[in-house]
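Every heavy atom of this structure was used, including side-chain atoms; hydrogens, water molecules and symmetry mates were not. Since we're looking at a predicted model, the values are computed, not measured. Below, read A as the first sequence line, B as the second, and so on, with proteins coming before strands; counting in each chain starts at 1.
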2 protein chains.
Amino acid sequence: MNTSTNSNADHRLICTVDVVLLTLRDAQLQVLLIKREREPFAGALALPGGYVHASVDQDCADAARRVLHDKAGLPSPYLEQLASFSGPARDPRGWSVSVAYVALVAAPQAPQPGQHWLPVDELPQLPFDHGRIVANAVDRVRNKSQYSSLPVHLCAEPFTLPQLHGIYEALLGEPINAVSFRRKMDELGMLEPVPGAKLAQGPHRPAQLYRLRDEYRRTLSLAGRGLNA
Amino acid sequence: MNTSTNSNADHRLICTVDVVLLTLRDAQLQVLLIKREREPFAGALALPGGYVHASVDQDCADAARRVLHDKAGLPSPYLEQLASFSGPARDPRGWSVSVAYVALVAAPQAPQPGQHWLPVDELPQLPFDHGRIVANAVDRVRNKSQYSSLPVHLCAEPFTLPQLHGIYEALLGEPINAVSFRRKMDELGMLEPVPGAKLAQGPHRPAQLYRLRDEYRRTLSLAGRGLNA
DNA sequence: ACAATAGTGTCTCTAAGACAATATACG
DNA sequence: CGTATATTGTCTTAGAGACACTATTGT
């Protein structure tokens, strides 16, 4: 191979995005995996991902949204950059960089053919370094749930405080004091009651429904000292 | 241009690393900028950065260490991935992805020719999107300083608690209760006194010198609820 | 009215801040 | 000894958890 080929291979790299789309089903954090149609690893379950297309994507986040739309059939849920993963061995096609994103959705629509929701704690071996990426994403989400409003993106609006409480508990895997929880949600100031709307769940007092304030739809609200779960 | 060129340009992208090397000088957080020798932006001050070399780098962190060594003449200080920045416009050479890193050093050796330490709060316009990258890095460092041992990497070992205290205060820009600070450092459990070593600074009681425990040389220690500065 | 869950009031306990007391060096 | 900073002891105060009480619905 000649020098120019070499320097080209050296400077222009395989560049992909991978999306860790998480949701809460059966009180478990689950991740969307897609059956790969092409090599490498055709037939295996893997994260939705794909090449970054310089000609169509404005940036990597844009590529992630495109992948999410094309492979998961989703509009734009909460999306946050996780980290980049790189190296010569992670993709058999060669030295590559993958910019990984975490996305959260509330309503896990019935999976289309080829889509699978699997609990993050019971994953099989995944191709590429997707196992590591998922683990990284789960760490981030669990950690951030301790002191931010992140989990609201796992909850379909409008929702009640007891529902949100349950989501925090499922994520953190431990009980959270209900009084403190209400105090925290209150001081985070990100929720507003839906006037008059209550949710009756049985022969007892119905719960007030809340929605996210518009200001917090793209921004998280951070608590001073966590939920101390 | 033909299809294969097109798809090549589309799938193989310009991939660089940029390093935000920070230190504390004159009680100010400062960043290392390098006078660029080549186009684009030759002559301008910019972050040390460069292409990722598939043939020599094991991953992007490796590329960042190489850049740091070549352009800043530094061994491997504390290094942490910050985020990736991408898009068609950030680099005039074309659609690019840059994986940015934050690095921290204690002793700001006298800058070599072409190297400049500038306070992060008084930066000129920087080329590429380096202004944004620095701002992002500074946010991260200041934020993480609130609840972790990160700032010890800005302190030459061994150091005294009053010195470290001063570093935290300089970073966070507000006074920290000295008693709470000691309690926190104690419970973080990352420091060990250097037996018998004290630092006399004048006609008064000298301070105990400490060093970082080996276990925490690469890992940070996290506090339960921050320093509540 | 009863059962069951939603939401509140308030006491307790933990941990952060304030402040004062003690320790130790150099002169 | 006197001074200046290091270090510790302990009181005060803010916020998290526990627990009991009130509120509101369907039956």
Open item on the list: Looking only at side-chain N and O atoms, does A:D59 offer a donor or acceptor that is under 3.5 Å from a partner on B:S86?
Closed with: no
Task: Rounded distance in Å - CD (B:Q201) to P (C:dA23) - done: 23 Å
TODO: Whole angstrom is fine here: how far is it from NE2 in A:H165 over to C1' in C:dT5?
DONE: 14 Å
- [ ] Please identify each residue that fulfils side-chain hydrogen bond (donor to acceptor under 3.5 Å, both in side chains) with A:N136, with sequence neighbours left out.
- [x] none
Open item on the list: Can you pull out every ring-ring contact (aromatic ring centres under 6.0 Å, His included) where at least one residue sits in residues 108-132 of chain A? Sequence neighbours excluded, please.
Closed with: A:F41-A:F128, A:F128-A:H130
TODO: Give the nucleotide from the list C:dT8, D:dT24, C:dA16 with an atom nearest to the side chain of A:R182.
DONE: C:dT8
Task: Any donor-acceptor pair under 3.5 Å from A:K71 side chain to A:G49 backbone - done: yes
- [ ] To the nearest Å, give me how far apart CE (B:M185) and C1' (C:dA16) are.
- [x] 14 Å
Task: Rounded interatomic separation in angstrom, taking CG from A:L199 and P from D:dG26 - done: 12 Å
Open item on the list: From CZ of A:F181 over to C1' of D:dC19, roughly how many Å is that when rounded to an integer?
Closed with: 19 Å
- [ ] Let me know the distance between CD of B:E187 and P of C:dA15, rounded to the nearest Å.
- [x] 8 Å
Task: Contacts of B:Y216 that satisfy ring pair (Phe, Tyr, Trp, His ring centres under 6.0 Å) - sequence neighbours left out - done: none
Open item on the list: Expressed as a whole number of angstroms, how long is the span from B:I176:CD1 to C:dA15:P?
Closed with: 19 Å
TODO: Return the nearest nucleotide to the side chain of A:N177; candidates are C:dG7, D:dA18, D:dT7.
DONE: D:dA18
TODO: Name the closest nucleotide to the B:R205 side chain, picking from C:dA16, D:dT25, C:dT24.
DONE: C:dT24
- [ ] Whole angstrom is fine here: how far is it from CZ in B:R183 over to C1' in D:dC11?
- [x] 11 Å
Task: Residue-level proximity of residues 155-164 of chain B to DNA chain C when a heavy atom falls under 4.0 Å - done: none
Task: First of A:A207 and A:V179 reached from the 5' end of DNA chain C, by closest nucleotide - done: A:A207
Task: B:N177: side-chain hydrogen bond (donor to acceptor under 3.5 Å, both in side chains) partners, not counting sequence neighbours - done: B:S180
Which atom pairs, one a donor and one an acceptor, fall under 3.5 Å between side chains of residues 201-210 of chain A and the rest of the protein, sequence neighbours left out?
unit_1	atom_1	unit_2	atom_2	d
A:Q208	NE2	A:V194	O	2.9
A:Q208	NE2	A:A197	O	3.0

